[in-house]
Amino acid sequence: MPELPEVETVKRSLAGPLTGASITGVTVYFAGNIKEPDPETFRRLLIGKEFLDIARRGKFLLFSLSGGYVLVVHLRMTGQLFLAGSGEPVDKHTHIVFSLSGDRELRYADQRKFGILELVHKEEVHRLKGLKELGLEPFSTDFTVDWLAAMLRDKKRPIKNLLLDQTVVAGIGNIYADEILFEAGIHPEKPAGALTEREIAALWQAVPRMLELGIQHRGTSIRNYVDGAGQRGGFQNLLRVYGREGEPCCRCGAAITRIKVAGRGTYFCPRCQHREQQ
DNA sequence: AGTCAAACCTGGGCGC
DNA sequence: TGCGCCCAGGTTTGAC
């Protein structure tokens, strides 16, 4: 599910309703997603805490709580974080329920159970695995074309592989990587270091452009993704290559092709996205 | 340094 | 209906 636009949409949809709310109880139906501390300490520490602020870093959500604690959540493939009324039925994939004042609940559901929840003191956040290795935020002012050019220089790995590397740029996943490369007209297997200046400039523009477009449409819902209000996104209808194997390219009409890059299903237009030059 | 497969889990879709 | 296989939005791990 969740790449940067989806995580950002969850953040925005939870920020209003959650800010100022207090946790009155925590029910853990499945503890496997709780990485630290142990589930009982996790429960005990959270009860009575107030949500102060929500931030996003890459695909991580960071909930600042009273008492100096931070709840860090990574949704991985199928994690969902959404608000519900306390009377609504709890489905079998809901693993953790945070009861809030006013008969509301924040629920964590996760069909494949890959997601991660960690509760740490704010001084400890910087040491968390995955979070500390994150690269640049694509919307930060540090994400310049010169910085990108320097990151690609002499790299032999496929450009798609590099886009998916969270230690380079944070937040891009498999769907947006394909859409970004289509937008920029670059073959996903082209070695990063072989991109021309024009291609680097096009890529630099396409990264924030496609992510922003995803956010404007409230994310991509192909399977499980929903925002903090339980609503699906709309960007799946605007994808131009992802999931469109065999369909005509919207620019040139050639059939969209599916290959594997970095072990991931990869969609591109063989005519618009070439390996050589341009 | 890099690439790859496998692992963590569950479920949907397909062909037979 | 059932079975087996492949696929899935992410990341880590260990082998080469």
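Per chain, numbering begins at 1; letters A, B, ... match sequence-line order. Treat the numbers as computed from the prediction; the structure is a model and nothing was measured.
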Nonpolar side-chain network containing A/L134, other nodes, edges under 4.5 Å: A/F60, A/L62, A/V70, A/V72, A/V120, A/V125, A/L128, A/L131
5'-to-3' dot-bracket of DNA chain B (Watson-Crick, G-U; under 3.5 angstrom; crossing pairs as [ ]; | other strand): .|||||||.|||||||
Residue-phosphate contact under 4.0 Å: A/H74 side-chain N/O, C/dG10 OP1/OP2: no
Sugar-phosphate, base or nothing in reach of A/G130, heavy atoms under 4.0 Å: sugar-phosphate
A/K11 side, atom NZ; A/D227 side, atom CG - distance, nearest 0.5 Å: 14.0 Å
Sequence neighbours excluded - salt bridge (Lys or Arg N to Asp or Glu O under 4.0 Å) pairs with any residue from residues 156-183 of chain A: A/R157-A/D165, A/K160-A/D178, A/E183-A/R209, A/E183-A/R240, A/E183-A/R251
Along DNA chain C (nearest heavy atom to each residue), the more 5'-positioned of A/L164 and A/G265: A/G265
Summary of salt bridge (Lys or Arg N to Asp or Glu O under 4.0 Å) pairs that have at least one residue in residues 96-107 of chain A, sequence neighbours excluded: A/E105-A/R107
Residue pairs, two or more places apart or on separate chains, that pass salt bridge (Lys or Arg N to Asp or Glu O under 4.0 Å) and touch residues 51-75 of chain A: A/E8-A/R56, A/R56-A/E137, A/R57-A/E137
Sugar-phosphate only, base, or nothing, as touched by A/G115 at under 4.0 Å among non-hydrogen atoms: nothing
Hydrophobic cluster of A/F268, others only, ordered by chain and residue number, side-chain cut-off 4.5 Å: A/I259, A/V261
Point-to-point distance, once rounded to the nearest 0.5 Å, from CH2 of A/W204 to CZ of A/F143: 8.0 Å
Where protein sits on nucleotides 6-11 of chain B, one letter per nucleotide: B base, S sugar-phosphate only, - none, heavy atoms under 4.0 Å: --BBBS
Backbone of A/T220 reached by a side-chain donor or acceptor of A/E6 within 3.5 Å: yes
Whole-angstrom distance between B/dC9 and C/dC3, as gauged at atom P: 24 Å
Sugar-phosphate, base or nothing in reach of A/N161, heavy atoms under 4.0 Å: sugar-phosphate
A/G228 versus A/S13, closest heavy-atom pair with distance: N-OG, 2.8 Å
Validation row, ring centre A/F235 to ring centre A/Y176 under 6.0 Å: yes
Of residues 237-248 of chain A, the positions that come close to DNA chain B - non-hydrogen atoms, cut-off under 4.0 Å: none
Residues which pass side chain to side chain contact (heavy atoms under 4.5 Å, CB included) with A/D38, listed by chain and number, not counting sequence neighbours: A/E40, A/T41
Nucleotide nearest A/M77 (side chain, heavy atoms from C-beta), chosen from B/dG2, C/dG10, C/dT12: C/dG10
DNA chain C-proximal residues of residues 254-264 of chain A, any heavy atom under 4.0 Å: A/R258, A/K260, A/R264
Sugar-phosphate, base or nothing in reach of A/P158, heavy atoms under 4.0 Å: sugar-phosphate
Backbone N/O of A/S66 and side chain of A/E50: donor-acceptor pair under 3.5 Å: no
Sequence neighbours excluded, every pair satisfying ring-ring contact (aromatic ring centres under 6.0 Å, His included) that has a member inside residues 107-132 of chain A: A/Y69-A/H121
Residue pairs, two or more places apart or on separate chains, that pass side-chain hydrogen bond (donor to acceptor under 3.5 Å, both in side chains) and touch residues 22-31 of chain A: none
Atom-to-atom span, CD of A/Q236 to P of C/dA8 - whole angstrom: 17 Å
C/dG10 OP1/OP2 closer than 4.0 Å to side-chain N/O of A/K59: yes
